[in-house]
Amino acid sequence: QAQLVTFGGGLVQAGDSLRLSCAASGRIFSTYAMGWFRQAPGKEREFVAAISRSGSTTYYEDSVKGRFTISRDNAKNTVYLQMNSLKPEDTAVYYCAATTYYSIRYSAHEYDYWGQGTQVTVSS
């Protein structure tokens, strides 16, 4: 099993940047593909970004392409989400997740383990 702890949320202004971190413990981190999801009030949880086990492949939801970057450091058992040019519509609780699937996954139900979530609020 994996335990995931998320850090780095906060209140920022539109155009600012934030970096979220997700530290994993338990099973060997490099055996998981990782993803970030978010959930805004009154909305369903949605996919944001994903990264393969090695970090060589990434994928992004269209609205964050060019603004967000997912990365991982397998030596530190950590996955990151660098968020630049933040917009008010990025406001949500952000969750990291781990999947034992070999390749990148985009659906929340394909992830096995979840972090506790961190609030990101972007003011206009």
Side-chain angles (χ1 to χ4, degrees):
Q1 290 191 349
Q3 293 79 44
L4 306 176
V5 180
T6 313
F7 304 92
L11 171 63
V12 298
Q13 293 186 332
D16 285 351
S17 298
L18 273 178
R19 187 174 82 157
L20 305 183
S21 302
C22 174
S25 61
R27 182 171 157 173
I28 298 173
F29 182 64
S30 60
T31 63
Y32 296 112
M34 300 295 294
W36 286 95
F37 290 76
R38 65 186 180 187
Q39 187 167 17
K43 295 187 177 181
E44 294 187 353
R45 191 169 298 189
E46 66 174 2
F47 170 79
V48 175
I51 189 166
S52 62
R53 293 180 175 186
S54 68
S56 61
T57 304
T58 58
Y59 189 83
Y60 299 92
E61 191 270 330
D62 285 346
S63 69
V64 307
K65 283 181 181 177
R67 300 189 299 122
F68 290 11
T69 302
I70 187 171
S71 62
R72 66 189 296 162
D73 185 338
N74 286 347
K76 295 183 178 180
N77 294 347
T78 302
V79 63
Y80 305 96
L81 185 67
Q82 178 66 44
M83 305 185 293
N84 298 330
S85 302
L86 282 161
K87 303 176 180 180
E89 51 264 43
D90 294 319
T91 295
V93 177
Y94 283 72
Y95 299 88
C96 69
T99 177
T100 54
Y101 277 98
Y102 183 80
S103 57
I104 284 177
R105 288 293 182 260
Y106 319 115
S107 298
H109 74 272
E110 294 180 302
Y111 282 79
D112 303 288
Y113 306 105
W114 292 83
Q116 81 282 13
T118 186
Q119 177 71 47
V120 173
T121 303
V122 185
S123 63
S124 57

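Keep in mind the model is a prediction, meaning the values are calculated, not measured. Each residue takes its place number in the sequence, starting with 1.
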From [X] [atom1] over to [Y] [atom2], what is the distance, rounded to the nearest 0.5 angstrom?
X      : Y     : atom1 : atom2 : value
Ser17  : Arg19 : OG    : CZ    : 12.0 Å
Gln82  : Leu18 : CD    : CG    : 8.5 Å
Tyr102 : Ser52 : OH    : OG    : 8.0 Å

Please tell me if the side chains of [X] and [Y] come closer than 4.5 Å, counting only heavy atoms from C-beta onward.
X      : Y      : answer
Trp36  : Leu20  : yes
Arg53  : Tyr101 : no
Ile104 : Ile51  : no

Residues two or more places apart in sequence or in another chain: which of them pass side chain to side chain contact (heavy atoms under 4.5 Å, CB included) with [X]?
X      : result
Ser85  : Arg67
Phe29  : Ala24, Met34, Arg72, Asn74, Asn77, Val79
Val122 : Val12, Ala14, Leu86, Pro88, Asp90, Thr91, Val120

Heavy-atom closest contact (Phe68 atom, Val48 atom, distance):
CD2-CG1, 3.8 Å
Sequence neighbours left out, what passes side-chain hydrogen bond (donor to acceptor under 3.5 Å, both in side chains) with [X]? Give chain and number order.
X      : answer
Thr100 : Asp112
Ser107 : none
Thr121 : Gln119

Partners meeting ring-ring contact (aromatic ring centres under 6.0 Å, His included) with [X] (sequence neighbours left out):
X      : answer
Tyr32  : Tyr113
Tyr106 : Phe47, Tyr59
Tyr111 : Phe37

Can you hop from [X] to [Y] via hydrophobic side chains spaced under 4.5 Å?
X     : Y     : value
Tyr60 : Met83 : yes
Val64 : Leu81 : yes
Tyr80 : Val93 : no

Apply side chain to side chain donor-acceptor pair (under 3.5 Å) to Ser123 and Gln13, showing your working.
CA-CA 5 Å; Ser123 63; Gln13 293 186 332; 4.9 Å; no
Please name all residues satisfying salt bridge (Lys or Arg N to Asp or Glu O under 4.0 Å) with [X], sequence neighbours left out, ordered by chain then number.
X      : result
Glu110 : Arg105
Lys43  : none
Glu46  : Arg38

Say whether, by atom type as modelled, one donor and one acceptor occur between the side chain of Thr78 and the main chain of Lys76 under 3.5 angstrom.
yes
Between Gln116 (side chain only) and Thr6 (backbone N and O only), is there a donor and an acceptor less than 3.5 Å apart?
yes
